[in-house]
Amino acid sequence: MNAFDIFTGQGLGLEAVRGEVFRLIASELPPLAKSLGDQERELEILKSAIAEVAIELRHGSEGIGSNEILLALEQMLLDPELLAEATKQVDAGWDAASAIQLSARSFADLFDGDDFLAERGQDLIGLSQKVARRILNLAPKPDFPADTNIVLVCRDLTPDQISGLPKNIVAVVLAAGSNTSHSAIMLRALGLPTVIRCAEAELLRDGELVLVDPVGNRVVRGGDQDMATKALSFVTMNPEPLIPVRANIGSVQEALVAGASAADGVGLVRTEFLYLGQQVNPGTNQQADVYEQLLRAAPMGPVLLRTIDVAGDKEVPFLALPDQSVAEAAASGYRVLSLYPEFVSDQLKAIEIARRRVGREVSVMAPMISNPEQAREFVNLARGLGDFQVGIMLETPQIAKRIPELKGLLDFVSVGTNDLSHFFFNLDRYSPETAEQINYWHPSFVLLLEEIAKAAKEAGISAGVCGESAADPEFGIVLAGLGFESLSVSVSSLSSVRSALTSASLKQAQSLARLAVSVKSAVAAQAIVRSELSRLGLES
Amino acid sequence: MALVLATLRVNDPIGLHSRPAGLIVKYINDQGILARIGRSGQELVPANSPLRLMALKAKSGDELLLEINTEDQELADRVALELQLILDGNQ
């Protein structure tokens with residue numbers, strides 16, 4: 001077998017690291033069994049195990065700041081009714097490990113029929129299995145080798161598993177996983193180099209040495225540090241970035257982190273966090289309190305809040321929104337505004353209350369606007385409810401072509417290249433198969449962006465970019481060259497994008513943008529920009 | 001001990017899902033209240049059990065009976081008020 005087998009996936013983090021593989025395989029639970037007869041003892045064992053697992057959950061949640069998920073699990077685990085039901089099972093002759101599993105299953109069965117509750121049921125079954133493992137001494141913490149650097153390889157990891165990993169785990173490789181999951185967030189926060197969605201990871205064997213190379217989105221079997229893909233580095237030529245670089249945030253916690261960074265304000269607040277994780281329709285006052293905390297924590301500069309942006313009903317069950325195809329979504333535009341205008345009003349009212357309390361300038365924008373009439377509707381609504389800068393996300397091709405009609409109406413637009421490229425290429429960015437074909441470097445897409453930047457300038461509307469493309473440092477230079485006035489990126493991308501934007505001058509950025517559209521393919525565009533940056537001595 | 005009854009209405013569009021259930025349980029435990037909740041005509045469930053509360057599958061618009069075990073009418077009123085606020089989705 002080739003010593004340098006390369007397994008691809010999706011990397012999280014900027015550092016590459018080498019270590020010994022350790023495969024984590026969930027130990028099978030034995031079949032349910034009857035006890036040896038001492039029911040009092042079984043109950044004692046059961047209560048101890050429940051208490052121990054609850055303490056573990058509590059410690060796990062303290063490590064990463066208050067973690068609602070783990071606290072909710074703890075509450076279910078300590079539910080007196082769960083124990084009461086398990087006690088009945090012990091009285092019926094089952095041993096402690098079986099009793100807790102039977103009890104959990106009976107509640108999970110009650111939750112059937114409701115998608116959301118069914119998930120809680122699964123969580124409960126998982127917890128009961130943890131308790132059963134504790135009772136049966138199937139150590140939930142496997143015997144990790146203690147004296148070497150370990151690369152943990154498994155199918156997936158849950159947040160509570162991550163919170164308990166020993167210090168000599170230096171990297172993680174997951175066969176599954178998603179880069180926006182709670183687990184991914186935790187792994188990034190812990191600074192653990194990670195590669196997820198690496199299906200071939202299953203082929204790795206215990207003890208073998210691998211290089212986990214997140215920047216290269218790969219795991220190299222037998223690889224060493226020299227094979228690590230280098231993160232780009234730029235030469236600083238100017239004290240300030242060519243155009244302001246702001247932060248994209250989706251929680252008060254992220255606002256705090258951004259506040260401690262070099263971000264020039266916040267270019268995107270994804271306000272869904274008030275509704276998604278909480279699964280409750282918060283009243284105006286509760287929303288206002290959260291917005292107030294966010295505005296107080298956010299870095300100096302503009303703060304652009306995007307009103308609630310949800311697609312299907314999986315995300316926010318209480319807004320009954322049937323799923324749509326790509327084309328339908330682009331055509332219908334901002335459905336929440338047409339179906340639930342009072343919901344958007346409440347949100348804007350809450351933002352205004354917070355704005356007054358904090359006393360800083362606030363901008364609001366609506367997502368998924370597909371025509372000037374919808375834009376006008378949103379602007380009228382917003383201007384009537386507060387003293388804001390008002391704009392829209394520019395993410396449907398239809399509105400992108402009608403910017404002149406927005407003159408005099410909007411203060412700004414923010415280009416959402418994720419959805420815009422999605423619609424433009426008419427491919428599903430959520431499907432792993434087609435997602436790779438969407439490439440914002442494609443010259444025809446870059447030409448569309450150029451059109452947008454020019455039309456916005458002519459209409460006197462300030463235009464920025466807040467999609468993932470802005471977090472690509474070389475593309476960020478191109479965007480500045482096309483005429484966009486600001487970029488907004490995730491906090492983890494801030495320093496690399498700022499660094500890129502302090503290297504090139506405006507003239508250089510403009511000529512790089514022209515180069516990017518002078519070729520025929522996305523790959524060629526990226527290559528020619530990179531080589532020119534290198535030639536100019538701006539990038540190594 | 002006396003049993004005080006009150007009627008609560010689930011107004012939150014999300015219904016009685018895990019977050020409001022969790023808030024109710026936390027309040028009941030923090031205050032040390034003995035209470036039960038449920039639908040009229042059915043067996044009431046302990047208000048300190050997140051699992052039983054969720055199993056009610058109470059939806060927006062449903063009415064629930066609250067039974068508080070106390071001699072203190074004022075306390076009972078406060079508890080009913082607080083739980084109603086939770087079920088309004090305002091907490």
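To find a chain, count down the sequence lines: A is the first, B the second, and so on, and within it residues start at 1.
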Exercise. Hey, does the side chain of A:Arg355 reach the backbone of A:Leu295 with a donor-acceptor pair shorter than 3.5 angstrom?
Worked result: no

Exercise. Which answer fits A:Leu78, side chain, backbone, both or neither, if we ask what part of it has an atom under 4.5 Å from a heavy atom of chain B?
Worked result: neither

For this session: May I have all residue pairs that pass side-chain hydrogen bond (donor to acceptor under 3.5 Å, both in side chains) and include part of residues 24-35 of chain B, sequence neighbours excluded?
Result: B:Lys26-B:Asp30

Problem set entry | chain B contact via A:Asp123 - which portion, at a heavy-atom distance below 4.5 Å | neither

Exercise. Is there a donor-acceptor pair closer than 3.5 Å between any side-chain N or O of B:Ser49 and the backbone N or O of B:Pro46?
Worked result: no

Name every donor-acceptor pair, under 3.5 Å, that has one atom in a side chain of residues 104-111 of chain A and the other anywhere in the protein, sequence neighbours excluded.
residue, atom, partner, partner atom, Å
A:Ser106, OG, A:Ser103, O, 2.8

Problem set entry | Region of B:Pro50 in contact with chain A, defined by heavy-atom distances below 4.5 Å | both

Exercise. Is B:Glu82 salt-bridged to B:Arg78, going by a charged N under 4.0 Å from an acidic O?
Worked result: no

Problem set entry | Pairing residues for A:Pro367 by the side chain to side chain contact (heavy atoms under 4.5 Å, CB included) criterion, not counting sequence neighbours | A:Arg306, A:Thr307, A:Asp309, A:Tyr334, A:Met393, A:Glu395

Exercise. More than 12 non-hydrogen atoms from neighbouring residues, nucleotides or ligands closer than 6.0 Å to CD on A:Gln253, yes or no?
Worked result: no

Problem set entry | Toward chain A: residues of residues 57-66 of chain B with heavy atoms under 4.5 Å | B:Lys57, B:Lys59

